[in-house]
Amino acid sequence: MEIRVKSVYIEVIKEDITKAKTDCIVNAANTSLLGGGGVDGAIHRAGGKEILIECMKIRDRQGGCPVGEAVITTAGKLDAKFVIHTVGPVWNNGKSNEEEKLKDCYMNTLDLANQYNIESIAFPNISTGIYKFPKKRAAEIAISSLREFIEGNNSSFKRIQFVCFDDENYQIYVKTIKGLV
Ligand code: AR6
């Protein structure tokens, strides 16, 4: 499934994000930047220790990564050139500005990627696993943030992928994107 916003192709695919053929892969990290489970664990496992070494240098410099912000490292052994680590909010029944914080993740990641002239980038479904953000709302925020960024900026992007891992997220993204066409 694919749509175009300005000259940027936006694709929804179902695969393991560590296999993505993009310049940059986005990681749903935690504030420690030291790795964890879910997609974070998969990226660190597949990318090797170079990613963790750079994450530790960022920790030394700025003490981790706050929720909603993003940092960039090498992609180590992955095919991608970069990994952007962003920290999604833990779902707290909508009582802790989780929606704004999730939007910040997408906007700050796109802004950072654009600064590095990245042309293709793959996003996982941030916060919808261990952090329990409701999947449909998270998809709407992800897609609307992306549109807002592309429409509001002259960007380097040619191709942006939403990489879904579970079938439920894939169906939700296809339906939400179709609703825009
Ligand atoms: N490729 C693509 N998507 C994946 C993969 C993969 N290999 N593995 C899982 N997903 P989660 P969060 C999907 O839990 O909710 C970590 O411990 C998964 O199906 O990885 O943001 C961090 O260190 C789900 O839809 O991230 C943090 O502590 C999505 O990725 C915490 O989990 C996000 O699920 C972050 O929680």
Side-chain angles (χ1 to χ4, degrees), residues 1 10-49 51-56 58-59 63-73 75-80 82-94 96-110 112 120-143 145-146 159-177:
M1 178 71 212
I10 300 175
E11 302 168 353
V12 176
I13 54 173
K14 191 163 176 279
E15 71 169 7
D16 175 348
I17 202 166
T18 62
K19 309 272 190 297
K21 299 268 175 285
T22 46
D23 295 346
C24 178
I25 288 175
V26 179
N27 183 18
N30 60 61
T31 53
S32 80
L33 295 176
L34 293 178
V39 70
D40 194 7
I43 288 172
H44 277 279
R45 266 194 309 278
K49 65 175 189 305
I51 299 178
L52 185 61
I53 290 168
E54 285 197 16
C55 282
M56 289 168 95
I58 295 168
R59 265 173 71 88
C65 181
V67 175
E69 295 190 16
V71 298
I72 191 163
T73 66
K77 291 188 285 184
L78 296 172
D79 285 340
F82 301 103
V83 173
I84 292 184
H85 308 259
T86 186
V87 182
V90 178
W91 181 250
N92 181 32
N93 290 315
S96 306
N97 290 326
E98 297 98 304
E99 298 203 342
E100 290 82 352
K101 288 176 188 159
L102 188 61
K103 179 177 179 182
D104 288 346
C105 287
Y106 285 95
M107 296 305 247
N108 287 325
T109 297
L110 290 164
L112 185 55
S120 56
I121 182 165
F123 281 93
N125 309 137
I126 301 164
S127 280
T128 66
I130 293 163
Y131 284 176
K132 300 261 184 305
F133 201 107
K135 291 179 178 173
K136 183 165 180 291
R137 191 65 198 118
E140 287 164 358
I141 292 168
I143 293 165
S145 303
L146 200 67
R159 195 160 55 90
I160 301 180
Q161 295 184 338
F162 288 116
V163 180
C164 305
F165 200 54
D166 56 279
D167 210 46
E168 191 188 353
N169 258 321
Y170 179 72
Q171 301 301 339
I172 290 171
Y173 268 81
V174 168
K175 208 171 157 192
T176 311
I177 288 244

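Source: prediction; values computed, not measured. Side chains included, hydrogens not; waters and symmetry mates left out as well; all remaining heavy atoms used. Counting starts at 1 for both ligands and their atoms, in listed order. Counting from 1, the numbers follow the sequence of the chain as shown.
- Looking at Asp40 next to ligand 1, an N or O pair under 3.5 Å apart turns up.
- Per-residue contacts place Asn169 under 4.0 angstrom from the following atoms of ligand 1 (heavy atoms of the residue considered): 25 (O).
- Regarding atom 29 (C) of ligand 1, its nearest protein heavy-atom neighbour is Asn125 O, 3.3 Å.
- Nearest non-hydrogen protein atom to atom 25 (O) of ligand 1 is Thr128 OG1, 2.8 Å.
- The nearest protein atom to atom 14 (O) of ligand 1, hydrogens excluded, is given as Ile130 N, 2.8 Å; this is a heavy-atom distance.
- Residue Ala42 has at least one heavy-atom neighbour below 4.0 Å for each of these atoms of ligand 1: 7 (N).
- Using a 4.0 Å cut-off between heavy atoms, Ala28 contacts ligand 1 through both its backbone and its side chain.
- What you find for Ile160 and Leu110 is that their closest heavy atoms are CD1-CD2, 4.1 Å.
- The protein atom (non-hydrogen) at minimum distance from atom 30 (O) of ligand 1 is Val39 CB, 4.0 Å.
- Here the protein heavy atom with the shortest distance to atom 18 (C) of ligand 1 is Asp166 OD1, 4.3 Å.
- For atom 17 (O) of ligand 1, the nearest protein heavy atom (residue, atom name, distance) is Gly37 N, 2.7 Å.
- Qualifying salt bridge (charged side-chain N to carboxylate O under 4.0 Å, His left out) partners for Glu69, counting only residues two or more places apart in sequence or in other chains: none.
- To the nearest 0.5 Å, the span separating CD on Glu15 from CD on Gln161 amounts to 6.5 Å.
- Of the N or O atoms in Phe165, none lie within a sub-3.5 Å distance of an N or O in ligand 1.
- Atoms of ligand 1 found under 4.0 Å from any heavy atom of Gly36 (numbered from 1 in listed order, with element): 17 (O), 23 (O).
- For the atom pair NE2 of His85 and CD1 of Ile58, the computed distance is 6.5 Å after rounding to the nearest 0.5 Å.
- Residues satisfying the salt bridge (charged side-chain N to carboxylate O under 4.0 Å, His left out) criterion with Glu54, sequence neighbours excluded, are absent altogether.
- Contact record, Cys105 with Thr109: O-OG1, 2.6 Å, taken as the closest heavy-atom pair.
- Atom 7 (N) of ligand 1 has its closest protein heavy atom at Asp16 OD1, 3.0 Å.
- Salt-bridge check for Lys103 with Glu100: failed, with every basic side-chain N at 4.0 Å or more from each acidic carboxylate O.
- Looking from atom 1 (N) of ligand 1 to the surrounding protein, the closest heavy atom is Ile17 N, 2.9 Å.
- A side-chain hydrogen bond (donor to acceptor under 3.5 Å, both in side chains) with Lys135 is found for exactly one of Asn125, Thr128, Asp166, namely Asp166.
- Residue contact annotation: Thr18 has no non-hydrogen atom under 4.0 Å from ligand 1.
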query: Are Ile126 and Tyr106 close enough, and set up right, to give a side chain to side chain contact (heavy atoms under 4.5 Å, CB included), and what steps lead you there?
result: CA-CA 9 Å; Ile126 301 164; Tyr106 285 95; 3.7 Å; yes
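- At a 4.0 Å cut-off, not a single heavy atom of Gly88 sits close enough to ligand 1 to count as contact.
- Interatomic distance, Lys132 NZ to Asn92 CG, rounded to the nearest 0.5 Å: 13.5 Å.
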